[in-house]
Amino acid sequence: MSSNQLKIAIVGGGLAGLAAAMKIAEAGYDVDLISVVPVKRSHSVCAQGGINGAVNTKGEGDSPAKHLDDTVYGGDFLANQPPVKRMCDMAPEIIYLFDRMGVPFSRTNEGLLDFRRFGGTLHHRTAFAGASTGQQLLYALDEQVRKWESAGKVTKYEGWEMLSLILDGNRVCRGLVAMNLQSLELKAFKADAVIMATGGPGLIFGKSTNSQTCTGSAVSACYQQGAKYANGEFIQVHPTSIPGEDKLRLMSESARGEGGRVWVPKKPGDTRNPSDIPESERWYFLEEKYPAYGNLVPRDIATREIFQVCLDGYGVGGQNQVYLDLTHIPAETLTRKLGAILEIYEMFVGDDPRYVPMRIFPGVHYSMGGLWVDYEQRTNIPGLFAAGECDYSIHGANRLGANSLVSCVYGGFTAAPAAIDYAKNVVRGDADSGAIYEDEVRKQQEINDSIIKSSGTENQYKIHEELGKVMTDNVTVVRYNDRLKATDDKLLELMDRFKHISINDSNLWATQAVPHARQLWNMLQLARVITLGALNRNESRGAHYKPEFPERNDEEWLKTTIAEFSDEAPVFSYEPVDVSLITPRKRDYSKGKAAK
Amino acid sequence: MTAANGYHTKKRLENPPSTVKFKIQRRERDGAPIYWETFELQYRRNLNVISALMEIRKNPVTVEGKKTTPPVWDMSCLEQVCGICTMVIDGRVRQSCSALVDDLLLASGSDTITLQPMSKFPNIRDLKVDRSEMFEHLKRVHAWIELDGTYPLGPGPHIPNELAQQRYALSRCMTCGCCLEACPQYGDGNYIGPQAIAQARLFNMHPVGKTTIEERLNGLMDDDGITSCGNAQNCVKVCPMNLPLTKAIYETNRDITLNALFGWLDE
């Protein structure tokens with residue numbers, strides 16, 4: 001069989017998935033690209049602030065080495081460092097590639113790419129397209145992949161959801177089973193390699209900044225079939241989101257990057273209009289506590305401070321919200337640089353942020369944890385790769401703003417050649433007999449059938465709400481061991497009740513009920529990984545904060561959490577972190593970074 | 001809008017009703033007959049059409065007390081940036097995630113909100129339609145930059161900030177379909193529509209994109225191409241991203257004319 005007949009399946013059509021698809025098609029191989037929504041609507045489209053790269057056009061002496069140190073330090077030293085270095089080295093050329101693809105980045109007077117400052121760094125290294133950068137980057141990759149689709153190299157399966165991997169007798173990945181979301185038809189996708197690029201699991205927490213497609217369901221399926229899941233307990237809660245009924249809408253860090261200031265009235269419960277509160281009666285608590293980084297301290301720190309301020313009763317109007325104030329910046333500048341996100345605020349809240357300070361509160365946003373991968377994006381299952389938010393690499397215990405977009409593309413660009421190399425060179429057994437494909441399809445069909453036939457009194461949407469509430473209450477900003485244990489008990493209860501749901505849709509054509517039920521089960525499984533991982537880790541590091549163990553403890557905990565599925569409960573093990581490039585030091589943003 | 005105290009805030013719905021009704025145009029599958037069902041919900045501040053549909057699907061019972069199937073609709077980002085949740089609400093095509101119940105009730109003065117699927121695209125079920133033709137249009141106009149390759153070649157060309165801003169405005173198109181729903185010429189394959197023309201313009205404005213302008217314009221020269229635009233200007237009125245669609249159409253018309261007149265003079 002000529003190597004050009006090789007087929008690589010990519011699950012997920014966001015930045016990571018499209019980046020991999022583009023590289024594989026360019027190399028001459030065929031791609032099946034599977035996505036629950038048309039790829040142009042992937043969650044990457046929501047990213048707002050920008051993409052990091054040490055291009056150093058601001059005369060600051062920036063470099064990939066500084067970017068590396070900022071990222072590793074920002075991640076509280078939990079990330080394996082060599083891939084982070086490779087990403088930071090690659091970042092400028094990634095930005096330049098997007099430039100050549102026609103992304104309408106904001107520009108300087110000379111017509112060069114403009115860069116702004118973002119959280120956790122003192123350098124301007126974030127390239128941006130207004131305040132909707134994720135949208136423009138996603139669209140650029142979507143355009144390139146469409147070109148390859150026209151050329152016959154990429155076949156898209158949009159409106160299909162992956163249900164499970166197809167593993168042969170040696171537990172080698174030979175493809176996957178996916179479900180057509182209109183007809184509920186199941187199909188086996190034979191593939192010589194599979195790349196997971198399915199993003200984050202925000203929907204486990206109910207309300208988050210994530211899209212409705214971000215359930216983590218596909219990676220949970222991989223985990224349940226033997227893929228290791230790493231650092232699951234590290235969940236980023238973004239400091240500034242707009243509280244809402246159905247979603248927490250992100251208010252980008254770039255608002256602070258352009259000069260936005262976080263404050264609360266000094267007098268608790270002050271009911272005056274913010275414009276009537278003079279400067280002397282305002283508490284700019286981030287600027288006061290962190291003179292060097294000010295409002296751009298890393299997200300975990302900003303989130304904890306905002307949380308604590310509200311807990312102590314200083315929230316605006318006594319509620320869980322603080323001011324993010326842009327009113328001191330000229331309206332024209334705000335419109336030009338932040339237009340997209342200001343529109344979102346005005347649309348959903350009704351106030352114009354150019355004249356009225358925004359009211360925000362922290363919201364679940366990103367998972368640093370994900371499928372375990374080696375430095376070539378290979379999971380522990382031969383033939384299975386992962387890239388983007390769904391893999392655990394790069395961000396350690398806390399992700400810096402604007403590092404996600406670059407890590408997704410880096411991951412896709414690294415997984416692609418690794419997948420091709422694997423597909424070309426690995427000696428495979430005779431899986432082509434077909435039995436393993438039919439068997440897995442049959443197995444998945446039986447699960448679907450049992451869900452359709454199930455006739456209990458439980459409601460899957462109610463179970464999902466309860467899941468979101470218990471996870472948000474107990475497994476986000478502040479963690480206590482007794483509450484984590486109680487959460488796992490609750491998860492077991494929800495899993496039991498799940499077995500008694502009855503889907504309330506008798507019309508199976510294009511029903512939401514069956515896909516949602518499949519996702520819900522997988523979310524419950526992954527929720528245990530997150531909760532129990534947090535329970536085990538008795539230290540505080542990055543986004544993981546336990547008042548009972550408030551310090552970082554490198555001696556006992558400088559290690560990666562690894563979870564493996566078993567019917568009883570996730571089985572945990574740990575592996576040391578590769579800190580060969582930068583020796584861990586204390587993480588303290590109050591004075592400017594501590595010297596190396 | 002500016003209030004008397006200098007605050008810029010939207011008009012608020014005073015004295016909201018205790019319940020809100022949603023009258024939904026439904027259909028079990030393509031080809032099945034259309035039918036209507038109405039659902040009633042408790043009013044809550046900050047309700048939008050999607051959060052209302054999420055409430056309905058938990059326990060779908062009509063106002064007449066009849067247990068029924070949950071209405072099906074598309075949703076993803078919930079913040080008007082992915083373009084998936086387009087539907088016709090109180091007769092106007094728009095994104096449903098940003099359709100705030102307060103605003104709809106203020107505008108209509110009634111306590112009932114009507115939801116219908118877009119009419120210009122094949123209806124899959126209830127409020128869900130198939131917009132894959134919009135992505136096919138993008139292939140016709142070669143809506144991409146032809147790269148030499150994705151290997152490192154340094155930065156792209158210098159682009160003045162003003163041009164970058166204009167391109168940014170067109171790059172916001174989220175393929176939602178509002179412009180095609182509103183366009184009187186669009187439907188039954190008569191006209192490619194403003195969406196594809198504006199995307200062609202986006203790439204024709206780029207220094208490298210311009211080198212393949214002919215291939216792009218070829219996609220617009222057939223009977224269903226740009227000549228089918230009747231200048232109704234509905235598209236700009238409904239575009240949720242405020243794309244300068246009519247400007248893109250007339251600039252592309254000009255490109256076609258210039259290309260036809262002077263194309264043969266290319267060195």
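Residue numbering restarts at 1 for every chain, and letters A, B, ... go by the order of the sequence lines.
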As an exercise: rank [options] by heavy-atom pairs under 4.5 Å with chain A and give me the winner.
options	result
B:Lys128, B:Glu28, B:His206	B:Glu28
B:Pro70, B:Pro160, B:Ala164	B:Pro70
B:Thr69, B:Asn59, B:Asp148, B:Asp102	B:Thr69
B:Leu147, B:Asp126, B:Val72, B:Leu170	B:Leu147
B:Pro157, B:Cys173, B:Pro207, B:Gly209	B:Cys173
B:Leu47, B:Thr175, B:Val208	B:Thr175

I need the minimum non-hydrogen distance between [X] and [Y], along with the two atoms involved.
X	Y	value
B:Asn161	A:Arg107	OD1-N, 3.2 Å
A:Ala340	B:Arg172	CB-NH2, 3.4 Å
B:Cys97	A:Phe348	O-CE2, 3.2 Å

[Y] backbone acceptor or donor facing [X] side chain under 3.5 Å:
X	Y	result
B:Arg29	A:Asn507	no
A:Asp99	B:Gly156	yes
A:Arg100	B:Gly149	yes
A:Gln182	B:Ile124	no
A:Gln512	B:Asp74	no
A:Arg41	B:Ser76	no

Where on [X] is there a heavy atom nearer than 4.5 Å to chain B: the side chain, the backbone, both, or neither?
X	answer
A:Phe413	neither
A:Ala513	neither
A:Glu158	neither
A:Gln212	both
A:Gln460	neither
A:Ser42	neither
A:Met22	side chain
A:Asn459	side chain

Taking side chain as everything from C-beta outward and backbone as N, CA, C, O, which of these in [X] sits under 4.5 Å from a heavy atom of chain A? Side chain, backbone, both or neither.
X	value
B:Gln165	side chain
B:Arg131	side chain
B:Met75	both
B:Pro71	backbone
B:Thr68	backbone

How far does [atom1] of [X] sit from [atom2] of [Y], to the nearest 0.5 angstrom?
X	Y	atom1	atom2	value
A:Glu149	B:Lys139	CD	NZ	3.5 Å
A:Met347	B:Asp103	CE	CG	10.5 Å
B:Glu136	A:Ser150	CD	OG	8.0 Å
B:Ile159	A:Leu113	CD1	CG	9.0 Å
A:Lys147	B:Glu146	NZ	CD	4.5 Å
B:Met134	A:Lys40	CE	NZ	8.5 Å

For this session: Just do the side-chain contact (heavy atoms from CB on, under 4.5 Å) check on A:Trp509 and B:Asp30 with the steps written out, would you?
Result: CA-CA 10 Å; A:Trp509 177 257; B:Asp30 47 335; 4.1 Å; yes
For this session: Sequence neighbours left out, what passes side chain to side chain donor-acceptor pair (under 3.5 Å) with B:Thr212? Give chain and number order.
Result: B:Arg216
Exercise. For chain B, which of A:Glu93, A:Glu465, A:Gln135 has the most heavy-atom pairs under 4.5 Å?
Worked result: A:Gln135
For this session: For each of A:Gln144, A:Arg146, A:Lys23, A:Met101, tally heavy-atom pairs with chain B at distances under 4.5 Å, and name the one with the top tally.
Result: A:Arg146
Are any non-hydrogen side-chain atoms of [X] and [Y] less than 4.5 angstrom apart?
X	Y	answer
B:Phe135	A:Pro38	yes
A:Tyr96	B:Leu153	no
A:Lys462	B:Lys58	no
A:Thr511	B:Arg125	yes
B:Met174	A:Tyr139	yes

Exercise. Can you check side-chain contact (heavy atoms from CB on, under 4.5 Å) on B:Tyr168 and A:Ser106, steps first, answer last?
Worked result: CA-CA 8 Å; B:Tyr168 176 74; A:Ser106 299; over 6 Å; no
Exercise. Does a sphere of radius 6.0 Å around CD in A:Glu332 hold more than 12 heavy atoms from other residues, nucleotides or ligands, not counting ones at 6.0 Å or beyond?
Worked result: yes
For this session: Taking heavy atoms only and a threshold strictly under 4.5 Å, list by residue number the residues of residues 80-87 of chain B that touch chain A; give 'none' if the list is empty.
Result: B:Gln80, B:Val81, B:Cys82, B:Gly83, B:Ile84
Seminar exercise, completed: Residues passing the side chain to side chain contact (heavy atoms under 4.5 Å, CB included) test with B:Glu251, sequence neighbours excluded, are B:Arg201, B:Lys247, B:Arg254
Counting only pairs under 3.5 Å, give me each side-chain donor-acceptor contact of residues 241-248 of chain A, with atom names and distances, residues two or more places apart or in other chains.
| from | atom 1 | to | atom 2 | distance (Å) |
| --- | --- | --- | --- | --- |
| A:Ser241 | OG | A:Phe361 | O | 2.8 |
| A:Glu245 | OE1 | B:Arg44 | NE | 3.1 |
| A:Glu245 | OE1 | B:Arg44 | NH2 | 2.8 |
| A:Glu245 | OE2 | B:Arg44 | NE | 3.3 |
| A:Asp246 | OD1 | A:Arg249 | NH1 | 3.3 |
| A:Asp246 | OD1 | A:Arg249 | NH2 | 3.3 |
| A:Asp246 | OD2 | A:Arg249 | NH2 | 3.1 |
| A:Asp246 | OD2 | B:Asn48 | ND2 | 2.8 |
| A:Lys247 | NZ | A:Thr209 | O | 3.2 |
| A:Lys247 | NZ | B:Cys77 | O | 2.5 |
| A:Lys247 | NZ | B:Glu79 | OE1 | 2.8 |

